[in-house]
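What follows is a set of notes on a single structure, which appears directly below.
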Amino acid sequence: MTRTPGFETLQIHAGAKPDPATGARQVPIYQTTAYVFRDADHAAKLFNLEEVGYIYSRLTNPTVSALAERITALEGGVGGICCSSGHAAQIMALFPLMGPGTNVVASNRLYGGTITQLSQTIKRFGWSAKFVDFDDPAAMEAAVDDNTRAFFCESIANPAGYLIDIAAAAKVADKVGLPLIVDNTSATPYLCNPIQHGATLVVHSTTKYLTGNGTVTGGAVIDSGKFDWGKSGKFPSLAAPEPAYHGLNFYEALGGMAFTFHSIAVGLRDLGMTMNPQAAHYTLMGIETLSLRMERHVENARKVATWLEADPRIEKVTYGGLESAPCFERTKTIYTKGAGALFTFAVKGGYAACVKLVESLELFSHVANLGDTRSLIIHPASTTHRQLSEAQQVAAGAAPNMVRVSIGIETAVDIIADLDQALSKATA
Ligand SMILES: *Cc1c(COP(=O)(O)O)cnc(C)c1O
């Protein structure tokens with residue numbers, strides 16, 4: 001092809017070619033742990049990163065590599081890796097950048113599990129996080145100290161579906177010379193390409209829209225290839241001799257591919273948070289229809305949010321695609337294909353009415369997931385955001401009177417009818 005392929009072409013073809021051994025048109029599930037070396041010289045070249053190939057499936061596997069290549073193409077990156085879950089991807093993204101005593105400046109609007117991972121669990125590695133409002137560039141900059149190694153935010157942020165101004169966040173990151181990591185799970189590369197707006201790294205929970213039907217967990221980290229890891233001296237794992245890989249300076253040897261190769265040769269090798277080829281297969285299948293599903297997700301979400309906003313039983317709807325949303329302007333610059341299908345709404349009657357609503361729905365599933373073909377609902381204050389204080393819950397957009405919905409691709413009037421009957425019971 002001489003023209004640059006479009007998104008719909010890439011979501012089907014990127015990373016996949018007919019299998020050289022059999023001609024199989026679909027990407028085979030390479031269910032193998034190891035790969036035979038041609039000879040001792042071939043093995044040596046692979047271990048020295050002088051030749052790219054397969055050694056052992058903890059590092060790379062052809063099915064998983066096809067998926068990594070496809071997501072990289074859709075995000076407009078130079079390289080990427082897949083791993084076992086979205087949470088694994090977040091650790092894999094931070095791992096080459098961080099060391100004991102370093103910190104990350106993170107948005108206070110995040111998936112509940114990510115807030116716990118960053119505020120508590122990473123302390124065990126000697127890392128820490130500071131949470132700030134990414135709508136406030138001055139606060140972002142003020143939070144940076146000599147030990148800060150990255151900024152972290154979500155594009156369409158959990159749980160309220162708030163649209164983050166990635167370009168503004170990237171401007172702050174550029175000014176202080178640090179990488180910006182964007183979790184693009186809820187937007188998907190169809191609705192937003194963070195790299196286009198200045199992000200350094202993009203992480204995904206492929207568990208959600210990329211797979212699309214709630215079958216397997218997975219994650220991905222995609223590198224823009226644009227960050228200069230050598231300039232500040234703050235990233236010795238990437239831009240100084242790496243003792244964990246016989247003293248190789250990855251940035252000197254591999255330039256824009258340094259992050260990706262380090263993630264495979266050190267990160268996956270030693271942390272082992274690898275995606276398995278079965279999971280990669282399900283996700284490859286899902287991605288083939290990503291654009292079609294996201295269009296319908298957005299269309300349905302807009303209809304449901306508009307209906308809810310006009311309903312007297314509802315106090316407030318947070319959907320970024322509604323003109324009343326404070327972040328609505330960003331649908332004109334960054335989220336031009338839509339504001340996603342994840343949002344919250346506040347029910348009159350508070351905590352008790354929310355619980356009753358969740359229990360009265362018939363079409364919606366009450367699950368801790370998002371980005372499924374099915375419509376999903378959860379009450380964050382009693383589940384995903386339960387471990388946070390009430391102040392943290394409110395700051396994260398998960399107040400006790402809020403429910404979060406992930407609008408599926410069922411018939412829109414069926415989704416609305418289900419909410420209607422359940423709201424009648426919840427607010428009776
Ligand atoms: C689900 C999710 C995660 C965690 O991903 P897992 O695949 O469940 O580990 C991280 N970030 C966001 C935005 C998510 O929705």
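Remember, it's 1-based here, ligands and their atoms both numbered in the order they're listed.
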Going by the order shown, which atoms of ligand 1 are within less than 4.0 Å of some heavy atom of [X]?
X	answer
G218	7 (O)
L370	15 (O)
S85	7 (O), 9 (O)

Please report which non-hydrogen protein atom sits nearest to [atom], along with the residue it belongs to and the distance in Å to one decimal place.
atom	answer
atom 11 (N) of ligand 1	D183 OD2, 2.7 Å
atom 5 (O) of ligand 1	S205 OG, 3.0 Å
atom 6 (P) of ligand 1	G86 N, 3.3 Å
atom 4 (C) of ligand 1	H87 ND1, 3.5 Å

Salt-bridge contact [X]-[Y] (side-chain N to carboxylate O under 4.0 Å):
X	Y	result
K332	E329	yes
E410	R374	no
D420	R313	yes

Tell me whether Y335 contacts the main-chain N or O of F328 through its side chain, where contact means a donor paired with an acceptor under 3.5 Å. no
Under a 3.5 Å distance rule, please check whether T185 uses its side chain to pair with a backbone N or O of S205 as donor and acceptor. yes
Centres of the [X] and [Y] rings: under 6.0 Å?
X	Y	result
F7	Y190	yes
Y209	H204	no
F95	F125	no

Min heavy-atom dist G371 to ligand 1 below 4.0 Å: no
Heavy atom to atom 7 (O) of ligand 1, shortest distance: which of T207, N184, N158 holds it? T207
Filtering Q117, Q90, K208 for the heavy atom nearest atom 1 (C) of ligand 1 leaves K208
Counting only heavy atoms, which portion of N369 has something under 4.0 Å from ligand 1: side chain, backbone, both, or neither? neither
